[in-house]
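Written out below as structure tokens is the structure these notes cover.
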Amino acid sequence: ALLEEAGGGLVQPGGSLRLSCTAFGIDEFYQATMAWYRQAPGNEREFVAQIFPWNKTTIEDSVKGRFIISRDNAKNTVYLQMNQLKPEDTAVYYCTQVYTNHWGQGTQVTVSS
């Protein structure tokens, strides 16, 4: 399986970005639980959000109310809409298929003025 993230970049504090993760080679993507993690320099990789096959979501407390995870099974894609971005959201964001060792290569998000 291959996971390809896109949508990272440089944004000012208070701005928005939408990350996407497209899955290739995952049979029955609609049954997959997908998640986003992030890793800031010098920090451990940390959980951000996940979405179950039936669209129930779990969001980490520090981003709750600002980030939204969603999926489009027809496109084998999961999204992370990030609003009201803060400098502390700066990190490499990774997509993963939960319960597997399938990870994307990561996309850099930098929040800075």
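A quick note: this is a predicted structure, and the numbers were derived from the prediction, not measured.
Checking side-chain atoms of E5 against main-chain N and O of G106 turns up a donor-acceptor pair under 3.5 Å. Judged by distance alone, with hydrogens and angles left aside, the side-chain atoms of T96 form no donor-acceptor pair with the main-chain N or O of A35 at under 3.5 Å. Looking only at distances, a side-chain donor or acceptor of R66 sits under 3.5 Å from a matching main-chain atom of Q84. Panel note: side chain T77, backbone K75; a donor-acceptor pair is recorded below 3.5 Å. With hydrogens and angles disregarded, a donor-acceptor distance shorter than 3.5 Å links the side chain of D89 to the backbone of K86. The closest donor-acceptor contact from the side chain of Q97 to the backbone of N101 lies at 3.5 Å or more, if one exists at all. Remark: side-chain polar atoms of E28 are not paired, donor with acceptor, to backbone N or O of Y30 under 3.5 angstrom. In this structure a side-chain-to-backbone donor-acceptor pair under 3.5 Å is missing from T110 to L10.
In this structure, CH2 in W36 is found 12.0 Å from OH in Y94, a value given to the nearest 0.5 Å.
Taking the six-membered ring for Trp, F47 and Y37 have ring centres closer than 6.0 Å.
N76 and T22 share no side-chain donor-acceptor pair at under 3.5 Å.
Results of the side chain to side chain contact (heavy atoms under 4.5 Å, CB included) test with M34 over Y79, F52, F29 single out F29 as the only residue that passes.
Between D61 and K64 a salt bridge is recorded (basic side-chain N to carboxylate O distance below 4.0 Å).
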